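For clarity, every value in this text was computed on a predicted model and none was experimentally measured. Both counts, for ligands and for their atoms, begin at 1 and track the order of listing.
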Amino acid sequence: MTLPLITTKSEEIFAAAQKIMPGGVNSPVRAFKSVGGQPIVFDRVKGAYVWDVDGNQYIDYVGSWGPAICGHTHPDVINALKEALEKGTSFGAPCVLENVLAEMVIDAVPSIEMVRFVNSGTEACLSVLRLMRAFTGRDKLIKFEGCYHGHGDMFLVKAGSGVATLGLPDSPGVPKSVTSSTLTAPYNDLEAVKHLFNENPGEIAGVILEPIVGNAGFIPPDAGFLEGLRVLTKENGALLVFDEVMTGFRIAYGGVQEKFGVTPDLTTLGKVIGGGLPVGAYGGRRDIMSMVAPAGPMYQAGTLSGNPLAMTAGIKTLELLQKPGTYEYLDKITKKLSEGLLQIAKETGHAACGGQISGMFGLFFTQGPVHNYEDAKKSDLAKFSRFHRGMLERGIYLAPSQFEAGFTSLAHTDEDIEKTLAAAREVMSSW
Ligand SMILES: Cc1ncc(COP(=O)(O)O)c(C=O)c1O
């Protein structure tokens with residue numbers, strides 16, 4: 001890409017958008033508020049690349065915020081969708097595609113014996129919370145600072161990326177009576193969780209977490225943290241819920257729970273299982289899932305749930321991920337990227353830390369180490385903004401917030417990574 005980056009059409013479209021949609025977007029982080037400057041308006045996506053309306057091409061490390069793990073518009077997914085389209089866009093009745101995807105999810109994810117499909121990660125998390133409460137007869141919930149579980153009222157407490165980026169401690173409109181049942185602890189702090197259980201005996205329905213955090217930047221669990229939560233929840237008659245909306249089928253085919261060998265009671269999924277169409281899911285132990293209507297009394301429903309196009313894209317995506325070597329490849333290229341970025345930061349004199357697992361990575365502009373959201377907040381946000389803009393100008397599309405993880409895909413090549421590192425060297429050497 002040649003500098004300066006020309007984005008005249010993006011600017012025109014975004015100016016018009018701001019008059020007709022709040023902030024010009026339909027999801028806040030897209031507006032680039034935390035990094036400054038104008039967002040890029042996309043025209044099309046393919047493989048590891050995106051093109052904006054001015055014709056600029058970028059190597060994409062956002063991947064539609066996670067779903068594009070096989071690369072954008074993979075031909076197998078597109079062809080399957082074309083076929084499915086001919087049969088209809090929505091049934092509102094049982095279809096065999098739901099069985100197929102449900103069986104794939106159950107086979108893959110250790111905790112899931114039964115599953116319910118919904119339309120987004122937010123919906124999955126809202127539903128799983130109702131189920132946690134219905135099953136235990138308890139109202140309180142423990143979540144972790146910096147973890148995001150969608151925009152449901154009771155999760156909008158210390159909720160990471162989007163909320164953090166906008167500097168909103170909570171959102172107006174969320175009643176105190178709702179969030180008073182939401183208890184929070186620092187991530188990776190088992191003692192804090194123990195304390196909450198001791199202070200609220202018999203009242204806590206369960207613990208929900210991102211088993212690898214992506215919404216406060218990339219933060220992996222410390223050794224023993226997930227295992228410790230498993231023990232504590234069991235001891236206290238509470239449920240353990242892994243929100244694997246981001247990590248499911250990304251960290252490993254069976255998610256973080258397969259990779260780390262800790263099995264929660266319930267799991268939420270989204271992103272990858274929809275292959276780029278709107279899907280979420282929640283599932284888990286058969287005895288708990290049997291409470292969901294119409295098998296049981298806990299009500300939850302959806303006009304478009306189990307939509308045939310979304311099921312088709314999900315099935316094809318998971319089929320592609322089953323091929324041998326998939327996760328090894330993601331790990332290899334992402335490691336090269338992550339280690340390369342850290343090395344360049346070191347050589348150019350910038351304090352930085354970060355890491356990756358499989359096709360998920362992060363880079364904080366702070367010495368670190370980062371074990372939780374408080375540590376992540378020590379990052380130099382002005383530096384991140386300059387880095388982000390510099391990379392954008394060189395054709396590299398990174399998530400527009402220090403508090404978001406990055407994603408690679410099967411379509412990213414060694415050459416893409418090398419181009420990205422060359423751009424990073426130029427940018428980091430320029431200040
Ligand atoms: C871990 C996690 N949970 C839930 C959600 C909400 O999913 P959605 O944006 O599909 O509603 C997200 C979205 O980024 C997420 O990362």
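- With hydrogens and angles ignored, the 3.5 Å screen pairs no side-chain donor or acceptor of D380 with any backbone N or O of T366.
- Residue contacts with ligand 1: E123 is placed with no nitrogen or oxygen under 3.5 Å of a nitrogen or oxygen of the ligand (distance criterion only).
- Within the structure, the closest approach of W65 to ligand 1 does not fall below 4.0 Å when heavy atoms are considered.
- Atoms CG and CG, from N119 and N307 in turn, are 7.5 Å apart once rounded to the nearest 0.5 Å.
- For ligand 1, the atoms lying closer than 4.0 Å to a non-hydrogen atom of T122 are 6 (C), 7 (O), 8 (P), 11 (O).
- Every atom of ligand 1 is numbered from 1 in the order shown, and the set under 4.0 Å from a heavy atom of E210 is 1 (C).
- R386 places no side-chain N or O within 3.5 Å of a backbone atom of V35 that could act as its donor or acceptor partner.
- Between Y327 and F249, the ring center distance fails the sub-6.0 Å criterion.
- When the shell of 6.0 Å around CZ of F91 is examined, it contains more than 12 heavy atoms from other residues, nucleotides or ligands.
- S338 contributes no side-chain N or O that, together with a main-chain N or O of K335, makes up a donor-acceptor pair within less than 3.5 Å.
- In H149, the part holding a heavy atom less than 4.0 Å from any atom of ligand 1 is the backbone.
- Annotation: H151, atom NE2; neighbour count of heavy atoms from other residues, nucleotides and ligands within 6.0 Å does not exceed 12.
- Between V279, T247, V245, it is V245 that holds the heavy atom closest to atom 5 (C) of ligand 1.
- Remark: the backbone N or O of H371 is paired with a side-chain donor or acceptor of D375 at under 3.5 angstrom.
- Geometrically, ligand 1 and M246 share no nitrogen or oxygen pair separated by less than 3.5 Å.
- Contact atoms of ligand 1 toward G150: 4 (C), 5 (C), 6 (C) (distance under 4.0 Å to a heavy atom of the residue).
- Between the side chain of E244 and the main chain of V256, a donor-acceptor pair closer than 3.5 Å is present.
- Considering only non-hydrogen protein atoms, atom 15 (C) of ligand 1 sits nearest to N215 ND2, 3.6 Å.
- Atoms of ligand 1 lying under 4.0 Å from any heavy atom of S120, numbered from 1 in the order shown and given with element: 10 (O), 11 (O).
- Scanning the protein for heavy atoms near atom 10 (O) of ligand 1, the closest one is G121 N, 2.9 Å.
- The ligand atoms of ligand 1 that sit less than 4.0 angstrom from a heavy atom of K271 are 13 (C), 14 (O), 16 (O).
- Annotation: atom 3 (N) of ligand 1 to nearest protein heavy atom, D243 OD2, 2.6 Å.
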